[in-house]
Amino acid sequence: QQQQQQQQQEDIEGIFRDKANGNGNGSHGGPVKKTSSEMSEVPAWRNLDEGLYIGNESIAEMETKVTEAEIDAAISHIMPLENSSSDPPVIRQYRPHKYWLWRQWYGTIFQYGIPNAIFYMAVTAIACYLLPRFEDTSRDDDPIDTGLKAFNQCWKYILTLTTFILTFFLNQSYTLWRNVYNLSRSVQGRTNDFGLLAATHATRDTISGEYTPQARALLENIAMGVRAFHAFAYASKTRIYRILHTDRAMERMVKMGVITEEMKEALQKLDISESNRVYAIIEWIIIQFRVGLEKGILKGGPGFEEKYLEKALLLRSQYGTFGDILDARIPLAYGHFVQVMVDMLLMTAPFACYKEMGYFSIVTVGFLTIFFSGLLDLAKVMLDPLDNEDYCDGVIDINVGVFIRESNNGSVRFYKGAEYLPGSWLK
């Protein structure tokens, strides 16, 4: 069975190598992404994963649209049970060195802010060329000259107001991004608690100190339940792994050992939506724990049972908070007002700065655009921590694939960590 799974994994990796070499594309016809180990500077791809299908279709539409290679690509990113040194980090890392930071381009605000700056600098250059041809500086009451001075004074008030509101908006956006990240880590920690508590309370052979066959089977069931939970949890919250909810993907997950045929059939029989499958899996883990206690496979008193159920309820609560946060990430009126305010500030900057700076206003407007437009872009990207929007791809989105692989490793970490121990420790 291990040789068969290894061959399946090699076949999948072969598909990715062929695609990376230009021998095949997904059904969406887009270029296939390379891994971070294949290039010195990682481009701003979503989540830094290769071969994944990115679309906004419903699960029913994906059933007929996506290819088997794209399904295998998604599954391959959640399968490994061991952390790899070649794995990219959950988010792009930075170095504190000034010169290294200045050399970065992909995944930075420069990548998206400089084109805007060039546009507004061009508008400013046109204004600097045309305005002197219409204003009469020899007259003290020239309407254009007077209007530009008054406009400059009004623009300064808008500049102050925009600076305050935009920095506050960015702070709120970062708070949401950090909350989602912390929730992801908390959910990961609660499932790790399942493994730790079950492994340390499972029955063992008093001579060898190893798990009994019944205890080993129970621990493997809990570990597989944890892996299925994380797979379907992020399939419900991200479009990049939504494909895992399709029946075709579940068939492939059975063949690759992610879930069992029994689990697949049970999930498909449930009269609940695909996004609620994660709650069913939490219930399965609790039931498996209760069965273990009833049969004496798990040993522990009331405190053990209470703590295990407490972790399960906390897991349900923390996972549910994901949707609560993302559904109310920012009110439409708030985001709309900030966008309009920044756009108006930058569109009027060429005329406001011209009177005091002349042709130097071209450079000034460029700097203003990079800073104000860059801050707004950064804030909007932070409002999409799981990369579900087509906006500024790869800037600060969280690598969900790494989260899932880490969780898979955690599902067996404590089970394997306590697999052997000195026999005298049980006496």
Taking the side chain from [X] and the backbone from [Y], do they hold a donor-acceptor pair closer than 3.5 Å?
X: Ser76; Y: Ala73; value: yes
X: Thr162; Y: Leu159; value: no
X: Gln172; Y: Phe169; value: no
X: Thr238; Y: Ala235; value: no
X: His336; Y: Leu332; value: no
X: Arg190; Y: Ala312; value: no
X: Trp155; Y: Leu345; value: yes
X: Thr124; Y: Pro350; value: no
X: Ser361; Y: Thr364; value: no
X: Asp205; Y: Glu210; value: no

Look up atom [atom1] in [X] and atom [atom2] in [Y], then write down how far apart they are to the nearest 0.5 Å.
X: Leu183; Y: Lys237; atom1: CG; atom2: NZ; value: 10.5 Å
X: Ile158; Y: Lys156; atom1: CD1; atom2: NZ; value: 13.0 Å
X: Arg103; Y: Arg95; atom1: CZ; atom2: CZ; value: 8.0 Å
X: Leu315; Y: Lys311; atom1: CG; atom2: NZ; value: 11.0 Å
X: Arg329; Y: Tyr334; atom1: CZ; atom2: OH; value: 14.5 Å
X: Leu196; Y: His201; atom1: CG; atom2: NE2; value: 9.0 Å

Passes ring pair (Phe, Tyr, Trp, His ring centres under 6.0 Å), Tyr279 versus Tyr319? Steps please. CA-CA 9 Å; Tyr279 296 111; Tyr319 172 74; 5.5 Å; yes
Can [X] and [Y] be counted as an ion pair, charged N to O under 4.0 angstrom?
X: Arg185; Y: Glu406; value: yes
X: Lys264; Y: Glu251; value: yes
X: Arg290; Y: Glu294; value: yes

Within a reach of under 6.0 Å around [atom1] of [X], are more than 12 heavy atoms found that belong to other residues, nucleotides or ligands?
X: Phe351; atom1: CZ; answer: no
X: Gln268; atom1: CD; answer: yes
X: Glu310; atom1: CD; answer: yes
X: Trp100; atom1: CH2; answer: yes

Would you please test Phe414 and Phe194 for ring pair (Phe, Tyr, Trp, His ring centres under 6.0 Å) and show each step? CA-CA 9 Å; Phe414 301 103; Phe194 287 156; over 10 Å; no
Does Phe372 form a side chain to side chain contact (heavy atoms under 4.5 Å, CB included) with Thr163? I'd like the steps, not just the answer. CA-CA 8 Å; Phe372 281 89; Thr163 302; 3.4 Å; yes
Could you check whether the rings of Phe289 and Tyr308 sit parallel, tilted or perpendicular, using 30° and 60° as the cut-offs? parallel
Of Asp247, Thr246, Asp72, the one forming a side-chain hydrogen bond (donor to acceptor under 3.5 Å, both in side chains) with Arg252 is Asp72
Does the side chain to side chain donor-acceptor pair (under 3.5 Å) test come out yes or no for Asn408 and Ser411, once each step is laid out? CA-CA 5 Å; Asn408 290 344; Ser411 70; 5.3 Å; no
Looking at [X] and [Y], what are the two nearest heavy atoms and their distance?
X: Glu70; Y: Thr67; answer: OE1-N, 3.0 Å
X: Cys128; Y: Tyr354; answer: SG-CD1, 3.8 Å
X: Gly374; Y: Ile109; answer: CA-CG2, 3.2 Å
X: Gly209; Y: Arg204; answer: O-NH1, 3.0 Å
X: Ile281; Y: Gly225; answer: CG2-O, 3.2 Å

Using the rule given for side chain to side chain contact (heavy atoms under 4.5 Å, CB included), can you reason through His245 versus Ser236, listing the C-alpha separation, both sets of side-chain angles and the distance that settles it, and then say yes or no? CA-CA 8 Å; His245 275 313; Ser236 300; 2.9 Å; yes
Would you say the side-chain atoms of Gln188 and Asn192 include a donor-acceptor pair closer than 3.5 Å? no
With no hydrogens and no angle check, just 3.5 Å: does a side-chain donor-acceptor pair link Thr369 and Asn116? no
Could you point out which residue of Ile71, Leu244, Thr260 forms a side chain to side chain contact (heavy atoms under 4.5 Å, CB included) with Met253? Leu244
Side-chain touch Tyr241/His77, heavy atoms, less than 4.5 angstrom: yes
Could you tell me whether the side chain of Arg216 reaches within less than 4.5 Å of the side chain of Glu419, counting heavy atoms only? yes
Compute the ring centroids of His230 and Phe403, then answer whether they are less than 6.0 Å apart. no
Leu346 vs Val342, test: side chain to side chain contact (heavy atoms under 4.5 Å, CB included). Steps then yes/no. CA-CA 6 Å; Leu346 296 178; Val342 172; 4.1 Å; yes
Test: Lys299 cationic atom under 6.0 Å from Phe304 six-membered ring centre, within 45° of axis: no
